[in-house]
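First up is the structure itself, then whatever we jot down about it.
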Amino acid sequence: MRHSLGRLVGAGGLLLAALLLTTAAAAQPGGNEGLSPTLANIKNTHVVRLGYRESSPPFSFLDQANRPIGYSLELCEAIVDEIGVEVDDSNLRIEYVKVTSDDRIPAVVQNKIDLECGSTTANAERGKQVAFSPLMFVAGTKLMVPKASTISGPTDLQGKTIVVTKGTTNEQAMHSVDKKFALGLKIITAADHEQSYQTLVDGKADAFATDDILLYGLIARHKSQDKFRVTGDYLSYDPYGIMFRKGEPQLTAVVERAFRKLGSNRDLVPLYNKWFVSRLPTGEKLNVAISPQLEDAFKVLDDTQGANN
């Protein structure tokens, strides 16, 4: 998959080429001198460790052979290619490391993974601990409920049991909604999105609250369109990003350069469509068109726009 994206990325524009040459020259003439800690470790080991999620389709999930796949992982693989340019190693090996919503931030901070390739909201609170790539998706908290449920918004949740996935911004959002509307909610947690979904299936909760795109993904994956629906207005705003270690400007520059290369080659929208509009390798089809906000964010990453104006 990494190599197919490499062909998709292609060569950058003149401006990008100049930037790459400048950065490579400034990095180090030999050894690891001048490389940031993460990049130096990658150069020494020839390995980039990608954190993946088991049940966050279409961002990061397992295919029928239990191999990690998804939109976020393909973006991370483009970053790996750019890291290879930076450390002068075109044969870096990828090691996939399973993470959960609860341990993904410690995995980055404690140097267990180099890039977290899941469905992680970039916010100011998390930004105190980790760094984030440019915007890769925009989502928000909504509710999954049984088809026959009368729940359509927060005011219908009075005294209800809500399941959320532990360590997510959705958990925080539901506590805020509970306090704002004095709902007396019983908020229970599960270890991952699959377990939260199963809690709803088993009738142990009245609703499952998480990002809308993840709810649509789970319904499609389980072919449960006749059993569950996604309802209500957004209860939070959740911009997604690839997570990596904070305090390494050189690594930040590599991540941003990878995104700008994708943006300048007009690869981001086709990549989005591959995972959100077309049929997934596992057979599901979400058919979720790109939002105007995300399309505008992708256009900002196109360095050729300025040259054409």
Side-chain angles (χ1 to χ4, degrees), residues 49-62 66 68-73 75-76 96-133 135-144 161-178 185-202 204-205 207-222 230 234-246 275:
R49 299 161 301 167
L50 302 185
Y52 73 92
R53 302 285 294 279
E54 284 191 327
S55 56
S56 293
F59 298 93
S60 181
F61 60 113
L62 299 176
N66 285 327
I69 61 171
Y71 172 68
S72 301
L73 283 162
L75 286 170
C76 278
Y96 295 97
V97 181
K98 176 188 169 184
V99 295
T100 68
S101 57
D102 204 30
D103 68 14
R104 57 190 164 174
I105 293 177
V108 173
V109 174
Q110 296 168 14
N111 196 26
K112 294 178 180 178
I113 59 174
D114 301 308
L115 300 170
E116 189 267 342
C117 319
S119 50
T120 298
T121 300
N123 59 28
E125 186 63 31
R126 289 173 172 170
K128 295 174 183 177
Q129 300 181 71
V130 296
F132 285 96
S133 71
L135 181 72
M136 68 169 189
F137 192 79
V138 180
T141 305
K142 284 196 175 185
L143 303 170
M144 183 195 294
T161 298
I162 310 298
V163 62
V164 294
T165 303
K166 188 177 181 182
T168 61
T169 54
N170 316 107
E171 181 179 2
Q172 301 165 22
M174 292 315 300
H175 281 291
S176 297
V177 168
D178 185 26
L185 295 179
K186 181 182 179 183
I187 299 174
I188 60 177
T189 62
D192 59 29
H193 297 314
E194 194 64 42
Q195 290 183 33
S196 293
Y197 174 83
Q198 195 59 46
T199 301
L200 186 64
V201 170
D202 294 341
K204 296 176 182 177
F208 168 24
T210 195
D211 292 347
D212 56 331
I213 189 62
L214 299 177
L215 295 175
Y216 290 128
L218 287 164
I219 288 174
R221 191 173 194 183
H222 290 278
V230 179
Y234 283 122
L235 302 176
S236 69
Y237 169 76
D238 298 284
Y240 286 6
I242 302 294
M243 192 163 50
F244 55 98
R245 264 177 295 288
K246 190 178 175 67
W275 292 100

- Approximate separation, where rounding is to 0.5 Å, of Ile162 CD1 and Leu143 CG: 6.0 Å

- Heavy-atom closest pair, residues Thr100 and Ala191: CB-O, 4.4 Å

- Give the C-alpha distance, both sets of side-chain angles, the deciding distance and a yes or no for side-chain contact (heavy atoms from CB on, under 4.5 Å) between Phe61 and Arg221. CA-CA 11 Å; Phe61 60 113; Arg221 191 173 194 183; 3.9 Å; yes

- Message: With no hydrogens and no angle check, just 3.5 Å: does a side-chain donor-acceptor pair link Thr199 and Asp202?
- Response: no

- Task: List in chain and number order the residues that pass side-chain contact (heavy atoms from CB on, under 4.5 Å) with Asn66, two or more places apart in sequence or in another chain; answer none if no residue qualifies.
- Result: Leu62

- Gap separating the OG atom of Ser56 from the CD1 atom of Ile213, nearest 0.5 angstrom: 11.5 Å

- Message: Rounded to the nearest 0.5 Å, what separates atom CE in Met243 from atom OG1 in Thr120?
- Response: 4.5 Å

- Task: Ignoring hydrogens and angles, tell me if any N or O in the side chain of Ser236 forms a donor-acceptor pair with the backbone of Thr141 under 3.5 Å.
- Result: yes

- Message: How close do Leu218 and Pro57 get, counting heavy atoms only, and between which atoms?
- Response: N-CG, 4.5 Å

- Query: Any donor and acceptor pair, going by atom type alone, linking the side chain of Lys246 with main-chain N or O of Gly127 inside 3.5 Å?
  - Reply: yes

- Tell me, please, whether Tyr52 has Lys98 positioned over its six-membered ring: NZ or CZ under 6.0 Å from the ring centre and within 45 degrees of its axis? no

- Query: Is the closest side-chain donor-acceptor distance between Gln198 and His222 under 3.5 Å?
  - Reply: no

- So which heavy atom on Asp114 is nearest to which on Asn111, and how close? OD1-OD1, 4.2 Å

- Quick one: pull up CZ in Phe244 and SG in Cys76 and give me the separation to the nearest 0.5 Å. 10.5 Å

- Note on the structure: Correct closest heavy-atom pair for Ala205 and Leu200 would be O-CD1, 3.4 Å

- Message: Set out, in order, the CA-CA distance, both residues' side-chain angles and the distance that settles side-chain contact (heavy atoms from CB on, under 4.5 Å) for Val230 and Phe208, then state yes or no.
- Response: CA-CA 9 Å; Val230 179; Phe208 168 24; over 6 Å; no

- Message: Just so I know, are the side chains of Thr210 and Val164 near enough to count as touching, which here means a heavy-atom distance under 4.5 Å?
- Response: no

- Could you tell me whether a side-chain N or O of Arg245 sits under 3.5 Å from a main-chain N or O of Val108, the two making a donor and an acceptor? yes

- Query: Looking only at heavy atoms, what is the nearest atom pair of Asp212 and Tyr234, with distance?
  - Reply: OD2-OH, 2.7 Å

- Here the gap from Lys142 atom NZ to Leu215 atom CG, rounded to the nearest 0.5 Å, amounts to 9.5 Å

- Is there a donor-acceptor pair closer than 3.5 Å between any side-chain N or O of Ser133 and the backbone N or O of Ile242? yes

- Message: When you measure from the side chain of Arg126 to the backbone of Thr121, do you find a donor-acceptor pair of N or O atoms at a distance under 3.5 Å?
- Response: yes

- Task: Check whether the side chains of Asp238 and Thr169 place a donor and an acceptor atom closer than 3.5 Å, and report yes or no.
- Result: yes

- Item | Stepwise side-chain contact (heavy atoms from CB on, under 4.5 Å) test for Met174 and Leu185 | CA-CA 9 Å; Met174 292 315 300; Leu185 295 179; 4.1 Å; yes

- Under a 4.5 Å cut-off applied to non-hydrogen side-chain atoms, are Leu214 and Ser119 in contact? yes

- Item | Audit row: Lys112, Asp103, salt bridge (charged side-chain N to carboxylate O under 4.0 Å, His left out) steps and yes/no | CA-CA 10 Å; Lys112 294 178 180 178; Asp103 68 14; over 6 Å; no

- Message: For a quick check under 3.5 Å, do Gln172 and Ser176 share a side-chain donor-acceptor pair by atom type?
- Response: no

- Side chain Thr189, main chain Lys166, donor-acceptor under 3.5 Å: no

- Item | Where Gly70 and Trp275 come nearest, the two heavy atoms and their spacing | N-CH2, 3.4 Å

- Check whether any side-chain heavy atom of Arg49 lies under 4.5 Å from a side-chain heavy atom of Tyr96, and answer yes or no. no

- Query: Are the side chain of Asp192 and the backbone of Glu194 linked by a donor-acceptor contact shorter than 3.5 Å?
  - Reply: yes

- Message: For Thr168, give me all partners under side-chain contact (heavy atoms from CB on, under 4.5 Å), at least two apart in sequence or on another chain.
- Response: Ser101, Arg104, Thr165, Asn170, Glu171, His193

- Validation row, ring centre Phe59 to ring centre Phe137 under 6.0 Å: yes

- Mind checking the OG-CG spacing from Ser60 to Leu50? Nearest 0.5 Å is all I need. 9.5 Å

- Item | For Val138, side-chain contact (heavy atoms from CB on, under 4.5 Å) partners two or more places apart | Leu135, Tyr237

